[in-house]
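We name chains A, B, ... by the order of the sequence lines, and we start the count at 1 in each one.
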Amino acid sequence: MTSTFIRHELKAFWRARNTGKSIAVHIVVGLAILYLLACALLVGFQLNKILIKSAPHDNVIISFCGVILTYYMVELLLRMQFQELPTLRVQPYLQLPIKRNTLVKYLSLTAMLSAFNLWPLILFIPFIVKIIAAGMGWLVASAFILSLIGISIFNNYLALYIKRRAAFNGWIFIASSIALILLGMGDFEWHLYSIKHISYLYFGHLLLQPGWVLLPLVLGTVMYIINFNYLKHNLYLEVLTKHKTLRASTTEFPLLNRFGQIGDMVANEIKLIIRNKRSRSSLIMSLFFLFYGLIFYTNPKMGEPIKIFAGMFMTGVFIINYGQFMYGWQGGYFDGFMVSKIKFTDFLKAKYFLFTTVSTIAFLLTLPYIYFGWRTGAIQVVMYLWNIGVNTTLILFFANRNQKRIDLSKGATFNWEGVGVTQLLLSFPLILLPYAIYLPLKLTGFPNLALIVLGSIGLGFVLSRSYWIKVLAADFDKRKYKITEGFRNK
Amino acid sequence: MIAIKDLKKVYNNVLVVNVPELNIRRGESVGLVGNNGAGKTTLFRMMLDLILPETGEVYMNDEKVAGGEAWKEYTASYLDEGFLIDYLTPEEYFYFIGGLHKLTRAHVDDFLLGLSDFFNGEILKRGKYIRDLSKGNQTKVGVASCLLQNPELLMLDEPFANIDPTTQFRLKNMLKEANKNGVTTLVSSHDLNHVTDVCDRILLMEKGRIIKDIATNSSTLNELEDYFAIEHTGTVRLKIDEEENH
C-alpha cells in the first residue's frame, strides 16, 4: 500500500499543471538546503575547536553536553515555522477499503523525511566520533547518537502536532511560540534556570551510564503515538481539508466612504489585505522594514547611497512587496470585476490611493529618524516622493504584464506562487533607477543636486498622475484578454 | 438589444464557437441549451468582452461590446464564483455592488429584505465570508447581486445547477417576474424542464453552432428531449472546452 501511495504522490507531482515551475522551485529550495547542510557539516567538523574557543576553561565534552538541548530548543522554533506537513491528500482514499492505520502510518512516517532530522546528526556526529568515541568508547558514543535520534523524533512529532492543532486554532501556534520564547528568555534574559545545566545534567549522566539513552527514545515514541492518535481521530474530510471558519468580522472604514467608488475599492482592497494570510504577511513585513533606519542611519560608516536604499524601502516596501503581484491578488474574481460597472481608470486611481496612503503612513512613522540629522530627513522626503511618484507607476506598469493569479488561501512561507519573470524584471528598474540618477551627480560632486533631481522627478510623476493613469489604462486595454485568461487558469 | 455577427472562437485548432448571426430583441427571454463543450460559456464570455473572438463582433444597443464600457451600465451577469469577491461578507459585497450603481445602503437593505425567502436565512447575518459559503449559496449571492443592479439585460450561466429544488422554483419565478418587467434574460441550463418553463425562445448549441432556434410552445420540451436522447456520435468532442473544464 505504501508503495502505491508513493507512486500516486509522484504522479500528482509530475502531472500537476504547474510542474515546470514547481520543479524549479524545488531545485532552488533543494540547493538552499544542500548549502545549509554543507555549512552544518563544516561546523560539525570544527565543533570541538569552536567550543574550546568559546569556553576555554571548561572541558570540551562538558561544553558540548551543555549545547545540545539549547540547539533543540531553537530547532523546535524553526521547525514550527518551516517544517511542512506531509501532503498526501487523504480525501480520495477515505471511503475505500484501506485501513485507517495504514493511511495514518504513511502520513506519520513520511513526516520523518525532513531535512531538519539530518541537521543534528551532521552537526554533532563528527564531534561524537572524534572526541567522545575516542575518549569514552563506542558504547557511550552510540548512546549519544541514539539519544540525538530520540530527541529529533520527539521534536519532529511535537512540531507537527502543534502545527496540526494550530490549523484549527491559530492561537495554539501563537501560544506555543510564546511559551518557547519565554522558556528561552527565562534562561538567557532572566537567569531563572539554565538550560545548559539541564542539558549537562542529562548528557553528563549519559556519559557515565549509557542506559539513560532510553529516556529520549521513550519520549520520542510517546510523541509519535500522541501524534498518530490525534491524526487518526481527525482523519475526517472536513477536518483535514477545511479550516474551521472563524466568525467573519465586518470592518468599516468610514473615512474612505467620502471618496465614493474609489474609496469603496480601496476599502475592499484593505479587506483583502487584512483577511488573507499571504497579503497580511506582506503588510506585516513592511512594518519590520520601518526599523531599517536603525540599522542604516545609526552607523556613520554607511555612505549616503546606502541610505537612499534604506529610505526607499522604508516608505516603499509595501508598494514593492504587495504591488509586484498585482493584479494577481484579485485574480480570483477578475472576471466579475471586468463586467461590473467600474471604469479601469477608477480602478487605477484606487491603486494609487492605496499606495499613497500606506506610503504616507510609513513616512509619518519614520519621521523620528530626522533625529539622525536633517540630511537623513531630506533623504526620507525625497525617497517618499520617489515612491509615490515613480515606483507606484512602475509597479502598475508591470502589473499590466502579470498574468499569474494568487491563491489567497495559502500562506506565505515558501510560497512561490505568482513569482515569475515579471517579478524578476521588475526588481531591476526599481532598485537601479534611483541610483542611475543619483550616483552620476553625486560622484561628480553634486550630492545636493542629486537629491533635488530625485525629488523633483518623484514630484513630477505625482503631479502628472492623471496622464499616467490614461497611459496605463490604454496599455491595459491591449493586454486585457491575456490577463483575464491567465487569471482563469488555476 | 444584442446582435452577433460572424462570431468565431478557436482553441487549439478546434472551432469552439461559430455563430454567423444572432439577434436578441429587447424584452426577450432566451434559453441556451447544449451538451458540455457545446460552447455556451465561451459564447457568454465573448458577449461580456472577457474573451477576444478570432473574428466577428458582439453589439449591444448598436454599440460594440469589445473595448466599450457603456454596456456595463445596464448588463448584469453571473457565470461562476469567479465573479464574486470571496473575502467579503455577502452584505459587504451587496453594498459594494449597490454603491457602483449609486444605491444607498438603506436602498440595498430594502432590496435584500425582499429576497429573504430566496436566501432562506442562509446568506445574510451569518458571519461568513463568501468563500465559506456552499456553491449553491454562492450562486444565490451572484444572482441576487445581478438583480440588485436593476439591469436591462441579465445573463446567467447554469443558475439552477447547484441550488436546491425550492430555490430553483423561486429563481424561476424571479426570472419570469424580471422578464415581465421588461428585463431581457439570457439563461443557460442543462435542465430542459426549467429552461423551457422560463424562456420564450430556446437556442440549441452543438459544436459551437446554434443548430436550433425555436419559440417555446407545448411541444418544445419533447423536441429537445428527442434531440438529447439519441446518441450523438458526432458530438463526441476531441477536446473538452477549456472554459467549462477549468
With only heavy atoms counted, which part of [X] is less than 4.5 Å from chain A, the side chain, the backbone, both or neither?
{"X": "B:E73", "answer": "both"}
{"X": "B:A66", "answer": "both"}
{"X": "B:L84", "answer": "backbone"}

Assess the residue pair B:F96 and A:M265 against the criterion (side chain to side chain contact (heavy atoms under 4.5 Å, CB included)); give the C-alpha distance rounded to whole Å, side-chain angles, the decisive distance to 0.1 Å, and a yes or no. CA-CA 8 Å; B:F96 175 64; A:M265 279 192 269; 3.9 Å; yes

Of A:T484, A:V339, A:D264, the largest count of non-hydrogen pairs under 4.5 angstrom with chain B goes to A:V339

Just do the side chain to side chain contact (heavy atoms under 4.5 Å, CB included) check on B:L88 and A:R275 with the steps written out, would you? CA-CA 9 Å; B:L88 296 183; A:R275 290 178 186 177; 4.1 Å; yes

About how many Å separate [atom2] of [Y] and [atom1] of [X], when rounded to the nearest 0.5 Å?
{"X": "A:Q330", "Y": "B:I85", "atom1": "CD", "atom2": "CD1", "value": "8.0 Å"}
{"X": "A:N276", "Y": "B:R131", "atom1": "CG", "atom2": "CZ", "value": "5.0 Å"}
{"X": "B:L79", "Y": "A:D335", "atom1": "CG", "atom2": "CG", "value": "7.0 Å"}
{"X": "B:L50", "Y": "A:F487", "atom1": "CG", "atom2": "CZ", "value": "13.0 Å"}

Side chain / backbone / both / neither for [X] at chain B, heavy atoms under 4.5 Å:
{"X": "A:K343", "result": "both"}
{"X": "A:D477", "result": "neither"}
{"X": "A:F344", "result": "backbone"}
{"X": "A:D346", "result": "neither"}
{"X": "A:F334", "result": "backbone"}

Would you say [atom1] of [X] has more than 12 non-hydrogen atoms from neighbouring residues, nucleotides or ligands within 6.0 angstrom?
{"X": "B:R105", "atom1": "CZ", "answer": "yes"}
{"X": "B:N13", "atom1": "CG", "answer": "no"}
{"X": "A:R280", "atom1": "CZ", "answer": "yes"}

Does the pair A:E485/B:R45 count as a salt bridge with the N-to-O cut at 4.0 Å? no

Quick one: do B:E92 and A:K271 make a salt bridge, cutoff under 4.0 Å? yes

Donor-acceptor check, side chain of A:K341 to backbone of B:Y74, threshold 3.5 angstrom: yes or no? no

Are any of the side-chain heavy atoms of A:Y333 and B:Y87 separated by less than 4.5 Å? yes

Taking the side chain as every heavy atom from C-beta outward, state whether A:K480 and B:D49 have any atom pair closer than 4.5 Å. yes

